[in-house]
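Contents: one structure, followed by commentary.
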Amino acid sequence: MRYSAMHLPTGREVPSDAEVISNQLMIRAGMIRKLTSGIFSYLPLGYRVIRKVEQIIREEMDKAGAQEVHLPMVQPAELWQESGRWTFYGKELLRFRDRNDRDYCLGPTHEEVITDLVRNDIKTYRQLPRNLYQIQTKFRDEVRPRFGVMRCREFGMKDAYSFDADEAGAEKSYERMFTAYNNIFRRCGLEYRPVEADSGSIGGSFSHEFMVMADSGEDAIVFCEQCRYAANLEKAEIARPEKTNVTEKDWLTLESVETPDVRTIEEVSAFLNVSPQQIVKTLIFNADGKPCAVLIRGDQNVNEVKVKNYLGAAELEMADDEMILKATGAPRGFAGAVGIKVRVIADYSVENMVNFVTGANRQDYHLKNVNIGRDCQVESFADLRVSEPGDPCPRCAGTIRFVRGIEVGHVFKLGTKYSKAMKAVYLDKDGKEKTMIMGCYGIGIGRTVAACIEQNYDENGIIWPMPLAPYTVIVTPVNINEPDVMKAAEDIYGQLLACGVEVILDDRDERAGVKFKDADLIGIPLRVVVGPKNLAQGHVELKIRKTGESRLCETGGIVSDVQKIMDSELKKVCG
RNA sequence: CGGGGCGUAGCGCAGCCUGGUAGCGCGCCUGCUUUGGGAGCAGGAUGUCAGGUGUUCGAAUCACCUCGCCCCGACCA
């Protein structure tokens with residue numbers, strides 16, 4: 001493509017509302033424009049990158065045995081009522097009415113539609129398994145769109161749904177998608193990690209998020225320095241600590257102390273001159289309307305997802321003042337396990353604690369030298385806290401560390417949540433009716449592109465990994481008014497085009513500096529500079545965007561030089 | 001939903017407090033010079049000052065309302 005004819009409006013200034021680097025660069029590089037909050041247009045350069053990602057996804061999905069479909073974006077309310085999500089989904093679901101006053105929504109995801117499709121056409125085990133996918137625009141009316149295309153309302157997504165006859169088949173489908181996702185993100189040239197994720201109330205332990213490492217990422221990822229263990233913060237397990245040798249002989253006499261208006265761990269710690277590690281924090285939760293006390297060491301935090309899963313609760317929130325008063329007999333800030341009349345569970349962190357401090361369930365009092373077994377009882381000890389850097393790895397002897405990441409993909413074993421609600425059934429060999437087992441697998445397309453930029457940029461702009469680059473090469477004649485220079489540039493451009501290389505000829509009547517700046521900004525991996533001095537010696541310059549390395553090449557051999565570099569780059573991502 | 005901020009030329013901003021004919025930089029157009037890292041000089045075009053109502057002789061500026069956008073928090077996959 002000739003630059004002079006391209007719609008490629010680059011900009012020097014950073015738009016005032018662009019916060020993250022990928023958003024700034026995508027706007028400056030002429031890839032996207034914001035239409036309104038959380039809704040973007042893709043310009044030619046941006047859309048080319050989108051299509052690169054989509055193409056890689058298509059190839060790997062097809063290879064994994066999935067088949068592409070295209071489902072409607074506008075969906076009738078009935079389907080959502082059938083799955084129960086019409087009322088459950090909340091305001092993220094954009095609802096509207098047609099001229100006949102019927103309710104519809106814009107699809108934020110397509111479980112209902114696909115389940116409806118499959119239940120109508122699949123009747124027998126002979127038609128299973130099936131894996132159908134689509135690349136579609138989704139709409140989620142996000143509470144707060146931000147970070148450009150990373151968290152927006154209208155966005156492109158690849159979503160796949162698998163249907164299997166039994167658990168073993170569903171697991172195989174899941175494994176296939178897991179492998180496909182690894183192939184996809186590796187081929188995109190991204191530094192990523194699959195991490196174990198919480199599968200929530202749907203059940204089953206099969207859920208992985210694919211995270212691209214980036215400091216600007218919204219999610220905290222926990223990983224082991226030594227083994228391959230990685231999980232998101234919600235899910236991150238903590239190994240049960242070794243039991244220490246403590247006997248009842250070590251127990252001191254229980255003491256009640258007056259602590260007027262001393263409530264928080266910091267206040268208690270300062271007032272009684274004890275470290276937070278010697279205090280047991282007692283949190284009262286409201287689990288499906290019933291109070292439950294959770295004990296944890298004073299310096300640590302409760303992971304509510306773990307508590308929720310442990311209790312098997314549908315809803316879990318911190319108890320309100322009224323429930324706390326009823327459960328403990330004291331206002332907020334003085335709860336403790338001694339004499340409490342509600343269910344008590346404890347994090348592993350308190351298992352080895354002796355002679356600790358805790359609330360007295362009495363306003364303005366705390367207890368010292370409390371010991372579990374003598375002064376209070378605990379239903380059980382469990383892993384209920386938020387992981388911290390330095391924790392032991394739950395899988396090996398290694399140590400846990402944290403990084404930040406951007407979630408670009410999610411594979412999820414759904415089980416029968418939708419197939420049951422919507423009666424997606426088949427007849428097995430014995431003629432018995434059975435419910436299909438589903439999985440769903442998503443990839444955020446725009447988010448993948450943004451994540452790639454977050455990982456590949458410098459002060460001059462984007463640095464595309466070759467597989468996602470909108471163009472591979474830009475040929476830059478330093479001055480188009482010098483006939484020899486321009487002729488040589490045209491010649492190289494023509495040869496590259498003939499070889500099927502995606503190439504831009506920067507034929508604009510601009511100064512060299514302007515062309516270099518634009519080429520760097522839009523991140524084209526290879527630049528061939530044609531200048532009068534080098535040309536006179538039979539040379540052109542080949543510059544590598546990523547390394548900044550620049551070499552002189554024979555004018556006649558430049559095409560094969562370019563192809564060599566392209567081949568070796570390709571080898572890196574396809575092994 | 002709670003709190004805060006912003007809205008003036010395509011982009012980035014000043015002007016507003018203290019009311020009096022709309023400004024700067026970049027970009028854009030024309031000409032000359034220049035030509036390997038966002039050139040120089042000269043000339044030029046561009047505005048519903050977000051919208052509405054009010055106060056005033058007079059409103060970008062003051063008051064009230066509406067809309068849009070952004071940030072922090074809560075929420076969600």
Legend entry - Nearest-nucleotide 5' precedence on RNA chain B, Lys91(A) against Pro145(A):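 That would be Lys91(A).
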
Inset, instruction - Between Val14(A) and Gly531(A), name the one whose nearest nucleotide on RNA chain B is closer to the 5' end. - result: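 Its nucleotide being nearer the 5' end, the pick is Val14(A).
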
Using the [atom1] atom on both, measure [N] against [M] and round to a whole Å.
| N | M | atom1 | result |
| --- | --- | --- | --- |
| rA50(B) | rG5(B) | C1' | 16 Å |
| rU56(B) | rA63(B) | P | 16 Å |
| rU34(B) | rC41(B) | P | 15 Å |
| rG52(B) | rC16(B) | P | 24 Å |
| rU55(B) | rC64(B) | C1' | 11 Å |
| rC17(B) | rC62(B) | C1' | 11 Å |
| rU61(B) | rG7(B) | P | 12 Å |
| rG43(B) | rG38(B) | P | 25 Å |

Inset, instruction - Identify whether the distance between the nearest side-chain nitrogen and carboxylate oxygen of Asp103(A) and Arg95(A) falls below 4.0 Å. - result: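 No.
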
Whole angstroms only, please: what is the [atom1]-[atom2] distance between [X] and [N]?
| X | N | atom1 | atom2 | result |
| --- | --- | --- | --- | --- |
| Leu93(A) | rA77(B) | CG | P | 13 Å |
| Phe147(A) | rC72(B) | CZ | C1' | 11 Å |
| Asn479(A) | rG36(B) | CG | P | 8 Å |
| Ile480(A) | rU34(B) | CD1 | C1' | 15 Å |
| Lys34(A) | rC6(B) | NZ | C1' | 12 Å |
| Lys517(A) | rG37(B) | NZ | C1' | 6 Å |
| Arg28(A) | rG12(B) | CZ | C1' | 12 Å |
| His208(A) | rA77(B) | NE2 | P | 20 Å |

Inset, instruction - Using salt bridge (charged side-chain N to carboxylate O under 4.0 Å, His left out) as the criterion, point out the one residue from Asp506(A), Asp518(A), Asp520(A) that pairs with Arg527(A). - result: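 Passing option: Asp520(A).
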
Describe the nucleic acid contact of [X] in one word from base, sugar-phosphate, nothing, applying a heavy-atom distance below 4.0 Å.
| X | result |
| --- | --- |
| Val529(A) | base |
| Pro108(A) | nothing |
| Asn534(A) | base |
| Gly90(A) | nothing |
| Thr109(A) | nothing |

Legend entry - side chain to side chain contact (heavy atoms under 4.5 Å, CB included) partner of Ile114(A), chosen from Asp159(A), Thr109(A), Leu71(A):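 Passing option: Leu71(A).
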
Across all strands shown, which nucleotide pairs with [N] by Watson-Crick or G-U wobble geometry, both distances under 3.5 Å?
| N | value |
| --- | --- |
| rC11(B) | rG25(B) |
| rC16(B) | none |
| rG58(B) | none |
| rC64(B) | rG52(B) |
| rG47(B) | none |

Inset, instruction - Output all residues satisfying side chain to side chain contact (heavy atoms under 4.5 Å, CB included) with Arg146(A), sequence neighbours left out; order by chain, then residue number. - result: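 Arg146(A) satisfies side chain to side chain contact (heavy atoms under 4.5 Å, CB included) with Arg144(A), Arg151(A), Glu218(A) only.
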
Side chains of residues 530-537 of chain A: which donor-acceptor pairs under 3.5 Å do they make with residues two or more places apart or in other chains?
none

Inset, instruction - Heavy atoms under 4.0 Å is the rule here; annotate nucleotides 23-30 of chain B 5' to 3' with B where the base is hit, S where only the sugar-phosphate is, and - elsewhere. - result: --BSS---

Counting heavy atoms not belonging to [X], are there more than 12 under 6.0 Å from its [atom1]?
| X | atom1 | result |
| --- | --- | --- |
| Glu322(A) | CD | no |
| Arg176(A) | CZ | no |
| Tyr457(A) | OH | no |
| Asp215(A) | CG | no |

Inset, instruction - Mark yes or no for whether Tyr441(A), through its side chain, and Tyr181(A), through its backbone, hold a donor-acceptor pair below 3.5 Å. - result: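 No, because the side chain of Tyr441(A) does not come within donor-acceptor range (under 3.5 Å) of the backbone of Tyr181(A).
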
Legend entry - Tyr161(A) side chain vs His110(A) backbone, donor-acceptor pair below 3.5 Å: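 It does hold such a pair.
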
Legend entry - Any Lys515(A) side-chain N or O less than 4.0 Å from OP1/OP2 of rU35(B):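 So the side-chain polar atoms of Lys515(A) never come under 4.0 Å of the phosphate oxygens OP1 or OP2 of rU35(B).
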
Legend entry - Side chain Asn460(A) and base rG37(B) donor-acceptor under 3.5 Å: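 Answer no: no donor N or O sits under 3.5 Å from an acceptor.
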
Inset, instruction - Look at the side chain of Lys543(A) and the base of rG36(B), then say whether one donor and one acceptor between them are separated by less than 3.5 Å. - result: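 No.
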
Inset, instruction - Could you tell me whether Phe210(A) and Phe178(A) have their ring centroids closer than 6.0 angstrom? - result: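 Judged by ring-centre distance (under 6.0 Å), Phe210(A) and Phe178(A) do meet the cut-off.
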
Could you pull out every donor-acceptor pair under 3.5 Å between side chains of residues 29-45 of chain A and any protein atom, sequence neighbours left out?
{"residue": "Arg33(A)", "atom": "NH1", "partner": "Ile27(A)", "partner atom": "O", "Å": "2.9"}
{"residue": "Arg33(A)", "atom": "NH2", "partner": "Pro9(A)", "partner atom": "O", "Å": "3.0"}
{"residue": "Lys34(A)", "atom": "NZ", "partner": "Asp17(A)", "partner atom": "OD2", "Å": "2.8"}

Inset, instruction - Scan residues 16-27 of chain A against RNA chain B and write down, sorted by residue number, each residue with any heavy atom closer than 4.0 Å; if none is found, say none. - result: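 Heavy-atom cutoff 4.0 Å gives Ser16(A), Asp17(A).
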
For nucleotides 73-76 of chain B, list the nitrogen or oxygen atoms of the protein found under 3.5 Å from its nitrogen or oxygen atoms, one pair per line.
{"residue": "rC76(B)", "atom": "O2'", "partner": "Glu92(A)", "partner atom": "OE2", "Å": "3.4"}
{"residue": "rC76(B)", "atom": "N3", "partner": "Arg151(A)", "partner atom": "NH2", "Å": "3.4"}

Inset, instruction - Can you figure out which of rA77(B), rU34(B), rG36(B) approaches the side chain of Arg511(A) most closely? - result: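 The answer is rU34(B).
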
Inset, instruction - Quick one: sort the Trp80(A) and Tyr89(A) rings into parallel, tilted or perpendicular, breaks at 30° and 60°. - result: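 Rings of Trp80(A) and Tyr89(A): perpendicular, over 60°.
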
